[in-house]
Undergrad: 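Structure in structure tokens, see below.
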Amino acid sequence: MYKFVFLFVLTIFSFSLAVEGYVITQQIQVSSFGAGNIKKQKIYITENAIATVDDGGKVVQLVENGKFRIFRYDKATGKYVEMTKMIPMVFAALPFFTCTPAGCELRKNVFQPTDEYRKFGKYRARKVLTTVSMFGIASNIANWYTKDYKELVEAEKLRAKFLLKAVKAVKNSGAMGVFNVDVNQLKELFGEVINNYGGLIASESNLMGGKSFMRVISVERKDVDPSFFKK
């Protein structure tokens, strides 16, 4: 009887530690200089952390104790590598930012919706053009957004919450020399994209002579143990 009660309490306690999250499984096809490869990734999203997991390990972005950190776990070596100095790379990959080694600034009016639509599985998506300015190099991107995939839309909302926390943490810590980003303006931009277009289900880009195509395969609502994002 006591054993049963102990296990029951332990189960309830363990469940209470889990936090609301989503897991996005996506496939990425990359081609460059005549060669190419296809890989799958899982993106674990919570309000305080995002982890990108593939066969080689995982990269974790984490807001902890008011600070924004990035680290990678290498599966082959079993080692953790601190990557926090690469914070500008995270924001440079987002269309809302233009970044240089000195820092980042907010960009506006970067989305150009088209009248082109396409179905990915059973979800109808709209093509939206944009560019990413990464350290002086502009890349053209064709994003496909859908409002039909409800779990994907909710996952994007949660991702936006995390990114807003990350921006606040970077601003407060002074981790970047120049970071002219108004958090309220950024929140409005995230809201506009999600409300107008929905969630990102596919993306085509050209970067430094190479091409990549990302497609979302599945989205799962899942409670995630916070220890998954820790070293």
Undergrad: Mark yes or no for whether Asp225, through its side chain, and Phe228, through its backbone, hold a donor-acceptor pair below 3.5 Å.
TA: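 Judged by distance alone, no pair lies under 3.5 Å.
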
Undergrad: What is the ring orientation for Phe120 with Trp144, classed by angle as parallel under 30°, tilted 30 to 60°, or perpendicular over 60°?
TA: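 Plane angle over 60°, so perpendicular.
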
Undergrad: For residues Asn48 and Thr46, is any side-chain donor paired with an opposing acceptor at under 3.5 Å?
TA: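 No, because no side-chain N or O of Asn48 sits under 3.5 Å from a partner of the opposite role on Thr46.
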
Undergrad: Give a yes or no on whether a salt bridge exists between Arg221 and Asp223, defined as a side-chain N under 4.0 angstrom from a carboxylate O.
TA: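 Salt bridge present between Arg221 and Asp223.
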
Undergrad: Pick one: which of Arg126, Arg124, Lys127 meets salt bridge (Lys or Arg N to Asp or Glu O under 4.0 Å) with Glu116?
TA: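 Testing each of Arg126, Arg124, Lys127 against Glu116, the sole residue satisfying salt bridge (Lys or Arg N to Asp or Glu O under 4.0 Å) is Lys127.
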
Undergrad: What do you reckon, are the aromatic ring centroids of Tyr123 and Tyr145 less than 6.0 Å apart?
TA: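 No, too far apart.
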
Undergrad: Do the side chain of Lys211 and the main chain of Ser205 share a donor and acceptor less than 3.5 angstrom apart?
TA: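 A pair under 3.5 Å: no.
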
Undergrad: Under a 4.0 Å N-O cut-off, is there an ion pair linking Glu64 with Lys230?
TA: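 Salt bridge flag = yes for Lys230 with Glu64.
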
Undergrad: Salt bridge or not between Lys222 and Glu20? Use side-chain N to carboxylate O under 4.0 Å.
TA: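 Salt bridge between Lys222 and Glu20, a charged N being under 4.0 Å from a carboxylate O: no.
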
Undergrad: Is it the case that the side chain of Asp182 and the backbone of Asn184 share a donor-acceptor pair, with hydrogens and angles ignored and the cut-off at 3.5 Å?
TA: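 Checked: pair present.
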
Undergrad: Do the ring centers of Tyr44 and Phe229 come within less than 6.0 Å of each other?
TA: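 No.
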
Undergrad: Report the residue from Lys40, Gln41, Lys58 that forms a side chain to side chain contact (heavy atoms under 4.5 Å, CB included) with Val53.
TA: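 That would be Lys58; it is the only one of Lys40, Gln41, Lys58 passing the side chain to side chain contact (heavy atoms under 4.5 Å, CB included) with Val53.
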
Undergrad: Using 4.0 Å as the upper bound for N to carboxylate O, is an ion pair formed by Lys165 and Glu47?
TA: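 Counted as a salt bridge, because a side-chain N and a carboxylate O are separated by less than 4.0 Å.
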
